[in-house]
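Beneath this line is the structure, given in structure tokens, with notes to follow.
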Amino acid sequence: MSSYDALGGSGSGVLSGIGGLWHWLKHMKLYRVILLVTLCFLMGPFIFYHLLQNDESNAPHNDIHRTRSQLDTFEEVSPLKAADLKLRIDEMLRIKGTVSLELRDLESRRQKLQSDIGLYNQKIDELKQELARQQTELDRLKISVEQAQVAQREAVLRNTPELALPRALFSDTLPTKLRPIGVEHSRTCKMSTCFDHSRCSLTSGFPVFLYDPDTTAVVSEGYDIDGFLKTTIKQTLGYNAHLTTDPKKACVFLVLIGEALPEHEVLKNNRYNTPQERAAPGATQQQSSLNATRLRMLPFWGGDGRNHVLLNFARREIGSSAGNMLRGSTVETGRAMLVQSSFDESQFRAGFDLIAPPILGPPGGDVWQECVPMLPARRKYLISFQGELNGQNGSLGAVGPRLPGTDDTEADTVDEFIIEHLKDMSSGRTQDTFMLQFECVPATEQRNPSNVRDWSLCGTDNSRKSVLKESTFALLLAPGGGSVSSTLLQARLYEALRAGAIPLILGGDQVQLPYAETIDWRRVVISLPKARITELHFLLRAIPDADLLTMRRQGRLVWERYLSSVQSTVDTIVASLRDRLGIPPKPVPSVVAHSVFNSSFIPLKSDPVIDTEPEESLGPIEPPYPSPAYRRNYTAALMQSREMWNDWADPFALYPQLPFDPVLPSDAKFIGSHMGFRPIGKGAGGAGKEFGESLGGNYPREQFTIVILTYEREQVLMDSLSRLYGLPYLHKVIVVWNSPKPPLEDLRWPDIGVPVHVVRAPRNSLNNRFLPFDAIETEAVLSVDDDAHLRHDEILFGFRVWREHRDRVVGFPGRFHAWDVNTLDSWNYNSNYSCELSMVLTGAAFIHKYYTYLYTYTLPQAIRDKVDEYMNCEDIAMNFLVSHVTRKPPVKVTSRWTFRCPGCPVSLSEDDTHFQERHKCINFFTKVFGYTPLLNTQYRADSILFKTRIPHDKQKCFKFI
């Protein structure tokens with residue numbers, strides 16, 4: 001049978017069953033159906049009750065809540081239990097509220113416990129940090145104890161005295177009277193034979209006594225000394241620290257003997273007087289203006305004039321025979337030294353007499369306005385000369401009778417050849433331009449013929465200056481007639497250096513220049529024998545621009561410092577004589593740091609608010625240790641005299657320290673000269689741990705002073721002071737209080753562990769930042785603004801870098817001077833991020849204290865006045881000064897480009913005119929200096945192991961630098 005058939009068979013069976021049932025119901029009686037339905041309704045409740053009873057008996061006892069829930073469910077369907085249901089609902093709501101309150105209480109307790117746990121965790125972290133800080137502090141104290149023990153051992157083993165300013169030893173008697181010496185002995189005087197060294201001890205300070213020229217006259221009748229000279233010499237010597245009014249203490253005695261003029265000429269004031277010697281009425285040509293009798297009657301002459309210095313200055317008469325009143329004279333000067341601008345070869349006693357320039361400048365003050373810019377290196381004229389040869393009746397080549405003693409045929413021939421060659425050179429085929437004038441137009445009047453062959457000046461001072469400032473070189477022709485120096489030659493040298501023309505002396509092997517014992521003239525002038533005239537043009541063309549500007553700059557330095565004014569001339573004469581004797585100068589004066597508080601007032605103290613510093617040992621905490629001062633009182637002048645006179649210092653004062661002191665060899669720190677040195681790892685070296693224990697380096701241990709300039713920002717200042725707590729190697733803090741209002745009496749000053757000296761400024765000036773206060777006892781000075789925010793590790797790293805560059809500005813924020821590409825004739829101040837810089841702002845920089853003296857005493861007053869005018873630019877001025885002295889750029893440390901705290905009040909640098917003023921400052925300072933001394937640098941200093949992979953058991957020098 002198929003599946004279809006099976007399916008069909010099954011379907012037919014079902015249909016047949018249904019049909020049978022329907023057939024049975026159809027034939028059933030109606031009463032049977034009703035009976036069956038009634039029976040079902042009656043049996044249903046009994047069956048349901050029976051089942052329910054069985055369910056309750058079989059249910060477990062622990063399921064009571066489920067049973068009650070089911071009963072409640074059944075009760076809900078019962079309308080008889082409505083009142084109980086309402087009560088039950090109210091009870092359940094009450095229970096729910098109680099449970100909610102308990103849950104909220106538990107939640108609050110949980111939150112409180114979590115907060116307590118957080119606080120305890122925070123305290124644990126703080127305690128861990130404090131433990132680490134205390135551990136670091138303990139390590140620092142251990143290092144400090146070790147350093148103190150080393151210092152104690154050094155003090156015990158020290159076998160050399162502590163040098164300081166010596167006590168002055170003076171002579172206590174007047175010069176004893178001795179017999180006059182003969183003429184032959186006088187002409188051969190030397191310092192060893194004609195000078196009494198017993199009056200000039202090394203510790204005397206070189207006291208100088210000046211005979212009052214108004215009351216002590218040594219000139220002949222009919223003559224008088226120029227009134228300008230008498231007044232200015234007394235005035236300028238009054239400013240000199242070596243002047244004394246006690247003749248018993250004097251080492252040397254100064255006598256002003258010239259410029260002596262006939263009395264009828266004294267009232268005139270024509271400085272450049274070309275006519276020659278003018279005899280007084282009734283006087284002969286050979287009569288000297290110096291009176292020998294009056295000279296010998298000086299109260300302290302002592303019979304032979306020892307230790308006397310005769311000052312014969314030329315000012316109004318600068319002709320060929322001026323400046324030498326003793327030429328052809330029979331006046332005996334004994335053992336006295338002679339200072340003047342003109343000497344014959346038979347007169348000049350080398351190493352005893354002194355050649356000084358004529359007095360052609362003002363009494364003193366700023367002289368930069370007399371100078372011209374040093375740039376460009378090559379000027380309009382390659383070489384210039386304006387003059388006319390004197391010494392015979394007429395100019396060179398003129399026919400006329402010669403005066404006695406003028407047999408200079410050979411000299412005439414040489415001079416004629418030189419002149420002809422110079423004329424040919426100027427008219428030859430060359431691109432160079434020359435300005436050569438060998439005859440004065442109009443001709444120079446010559447009232448009294450002179451037997452001194454020399455080249456007179458043509459024109460006026462202004463006309464010559466206009467030519468010289470356009471000349472690269474200025475030709476100077478040596479005088480003839482056996483002169484080693486002439487007033488005309490010195491005047492030409494003065495004018496050339498003032499105008500920036502490099503002096504070229506033909507016949508330089510025949511002459512002596514001023515102060516030749518101390519000034520290195522080879523760096524200033526080109527000195528050639530006359531035989532080199534044929535090679536002159538080749539030589540001048542072979543000099544590169546760098547050498548031209550170097551010589552021009554050195555010439556201006558020599559002119560400003562030693563020749564420019566009466567003050568500079570007098571100071572240089574005194575310093576030259578003192579240097580000749582090897583006596584140190586007087587100490588440079590410091591500025592007294594007057595406290596802003598009264599002597600009876602004690603400022604309130606407070607605990608500092610300690611900022612979180614990197615957890616690293618930066619150095620030991622030491623007691624205050626001032627830098628040793630005046631250690632090289634005698635050796636500096638002996639070993640570095642040339643540098644003092646020609647380079648980085650001035651020879652007029654003794655400084656407590658210099659940034660140019662010599663450095664010991666490395667092995668000297670361990671063999672014989674170990675005092676004060678703290679080598680890293682006791683000499684074995686090391687990484688971060690050993691580095692943090694010692695200063696190391698090439699110099700003995702030292703500390704630094706922080707100078708903070710502030711003005712009525714007390715809270716900013718207090719915050720800055722608090723951040724200095726625990727700073728290693730800090731000696732003291734000097735707060736320069738620039739405000740006229742004193743600090744508030746209730747102001748609490750943080751106790752940072754080192755002295756804080758609050759200094760009252762004389763007036764509100766940014767120049768006060770660089771005053772050389774006597775309270776600064778260290779060489780290193782960290783100049784910071786009151787809103788500067790520097791970390792300890794940054795400060796310490798800057799200090800370590802400065803110790804290796806002591807002569808430079810070492811600091812953090814770098815700036816540069818940019819050329820104005822629009823005008824092409826000026827500089828702009830620029831603070832943008834740059835790969836090249838030329839300045840480091842002194843709002844956060846280390847400098848040597850020596851530069852504070854230079855800034856206060858030698859920097860032109862016009863620059864300090866400009867700083868006061870703008871209340872700006874003092875940092876630019878300091879960068880100009882240091883770069884001018886050293887010819888080196890500053891050193892920038894770390895990556896920091898700014899240093900101010902973000903929340904501090906607005907400072908002066910936020911003013912809109914701040915940058916405009918700084919543009920003007922750079923250009924004005926350039927005008928004062930004659931050039932821009934700033935130099936560019938393209939690197940910064942970072943610690944040695946910075947970004948270097950090192951073993952895990954080693955530490956870097958600084959964690960973050």
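Residues take their numbers from the sequence shown, with the count starting at 1. The basis for the numbers below is simple: all heavy atoms, side chains too, and nothing from hydrogens, waters or symmetry mates.
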Verdict with supporting geometry, Ser564 and Tyr494, side chain to side chain donor-acceptor pair (under 3.5 Å): CA-CA 8 Å; Ser564 60; Tyr494 174 96; over 6 Å; no
Check against side chain to side chain donor-acceptor pair (under 3.5 Å), Gln340 and Asn324: CA-CA 7 Å; Gln340 58 186 21; Asn324 189 354; 3.0 Å; yes
Val339/Asp353 under side-chain contact (heavy atoms from CB on, under 4.5 Å): CA gap, chis, key distance, verdict: CA-CA 6 Å; Val339 177; Asp353 294 328; over 6 Å; no
Side chain to side chain donor-acceptor pair (under 3.5 Å) evaluation trace for Ser342 with Ser486: CA-CA 4 Å; Ser342 180; Ser486 71; 5.9 Å; no
Test log, rule side-chain contact (heavy atoms from CB on, under 4.5 Å), inputs Met337 and Leu577: CA-CA 10 Å; Met337 289 181 279; Leu577 298 174; 4.1 Å; yes
Phe195/Leu581 under side-chain contact (heavy atoms from CB on, under 4.5 Å): CA gap, chis, key distance, verdict: CA-CA 10 Å; Phe195 191 83; Leu581 295 173; 3.7 Å; yes
Derivation and outcome, side-chain contact (heavy atoms from CB on, under 4.5 Å), residues Leu854 and Tyr655: CA-CA 11 Å; Leu854 295 189; Tyr655 294 91; 3.9 Å; yes
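Residue pairs that meet the salt bridge (charged side-chain N to carboxylate O under 4.0 Å, His left out) test with at least one member in residues 183-212, sequence neighbours left out, are Asp212-Lys234.
One N or O on the side chain of Asn646 and one on the backbone of Asp520 form a donor-acceptor pair closer than 3.5 Å. The backbone N or O of Val208 sits nowhere less than 3.5 Å from a side-chain atom of Thr244 that would complete a donor-acceptor pair. Judged by distance alone, the side chain of Thr487 and the main-chain N or O of Ile318 form no donor-acceptor pair under 3.5 Å. Between the side chain of Ser204 and the main chain of Cys200, no donor-acceptor pair closer than 3.5 Å is present. Without hydrogens or angle criteria, His308 side chain to Val252 main chain gives no donor-acceptor distance under 3.5 Å. Side-chain atoms of Ser568 come within 3.5 Å of backbone atoms of Ser565 as a donor-acceptor pair (strictly under, hydrogens ignored). Although no hydrogens or angles enter the test, the distance criterion places no donor-acceptor pair under 3.5 Å between the side chain of Asp454 and the main chain of Ser483. Side-chain N or O atoms of Asn291 include none that pairs as donor or acceptor with a backbone N or O of Val218 at under 3.5 Å. Side chain of Glu259 to backbone of Glu317: a donor-acceptor contact under 3.5 angstrom is found. The closest donor-acceptor contact from the side chain of Ser641 to the backbone of Leu638 lies at 3.5 Å or more, if one exists at all.
Taking a cutoff of 4.0 Å between a charged side-chain nitrogen and a carboxylate oxygen, Glu517 and Arg580 qualify as a salt bridge. The existence of a salt bridge linking Arg306 and Asp304 is confirmed by a sub-4.0 Å separation between a basic side-chain nitrogen and an acidic carboxylate oxygen. Salt-bridge annotation for Arg498 and Asp461: present, with a side-chain N of the basic residue lying under 4.0 Å from a carboxylate O of the acidic one. Salt bridge present: Arg464 and Glu495 bring a charged side-chain N and a carboxylate O closer than 4.0 Å. In summary, Asp224 and Lys230 engage in a salt bridge, as defined by a charged side-chain N under 4.0 Å from a carboxylate O.
The two residues Val928 and Arg556 make their nearest non-hydrogen contact at O-NH2, 2.5 Å. Between Pro589 and Tyr853, the closest heavy-atom pair is O-CE2, 3.7 Å. A pairwise comparison of heavy atoms in Thr193 and Arg335 identifies O-NE, 3.5 Å as the closest pair. Across Tyr223 and Ser289, no two heavy atoms sit closer than the pair CD2-CB, 3.6 Å. Of all heavy-atom pairs spanning Leu468 and Ala501, the tightest one is O-CB, 3.7 Å. For the pair Leu489 and Pro479, the tightest heavy-atom approach, listed with the atom from each and the gap, is CD2-CD, 4.1 Å.
Counting heavy atoms from C-beta outward, Leu290 and Ser220 have side chains that stay 4.5 Å or more apart. Counting heavy atoms from C-beta outward, Val566 and Gln235 have side chains that stay 4.5 Å or more apart. Side-chain atoms of Asp647 and Arg523, non-hydrogen and from C-beta on, do get closer than 4.5 Å to each other. Using a 4.5 Å cut-off on side-chain heavy atoms (C-beta onward), Pro656 and Val588 make contact. Taking the side chain as every heavy atom from C-beta outward, Ile355 and Leu513 never approach each other to under 4.5 Å. In this structure, the side chains of Thr236 and Asp571 stay at 4.5 Å or more apart for every pair of heavy atoms. The closest side-chain heavy-atom distance from Ile359 to Thr569 is below 4.5 Å. The shortest side-chain heavy-atom distance between Leu493 and Pro514 falls under the 4.5 Å cut-off.
With Thr333 as the partner, the side chain to side chain contact (heavy atoms under 4.5 Å, CB included) test is satisfied by one option alone out of Leu310, Ile257, Val183: Leu310.
Expressed to the nearest 0.5 Å, how far CG of Leu654 lies from NZ of Lys586 amounts to 11.0 Å. Note that the CG atom of Leu859 and the CG atom of Asn767 stand 8.5 Å from one another [nearest 0.5 Å]. Atom CD of Gln861 is separated from atom CG of Asp868 by 8.0 Å, given to the nearest 0.5 angstrom. In this structure, OG in Ser485 is found 8.5 Å from CD in Gln512, a value given to the nearest 0.5 Å. Note that the CZ atom of Arg492 and the CG atom of Leu457 stand 5.0 Å from one another [nearest 0.5 Å]. Remark: Tyr515 OH to Arg561 CZ distance equals 13.5 Å, nearest 0.5 Å.
The environment of Met191 atom CE is dense: over 12 non-hydrogen atoms of other residues, nucleotides or ligands sit within 6.0 angstrom. Counting heavy atoms of neighbouring residues, nucleotides and ligands inside a 6.0 Å radius, atom NZ of Lys465 exceeds 12 of them. The neighbour count for Tyr239 OH, taken as heavy atoms of other residues, nucleotides or ligands under 6.0 Å away, does not exceed 12.
Cys194 pairs by the disulfide bond (SG atoms under 2.5 Å apart) definition with Cys189, not counting sequence neighbours.
Between Phe385 and Trp455, the distance from one ring center to the other falls under 6.0 angstrom. The aromatic ring centres of Tyr562 and Trp645 sit less than 6.0 Å apart.
By the 6.0 Å and 45° rule, Arg315 stacks over the aromatic ring of Phe228.
Ring orientation note: the planes of Tyr211 and Phe209 are nearly perpendicular, at an angle over 60° on the 30°/60° scale.
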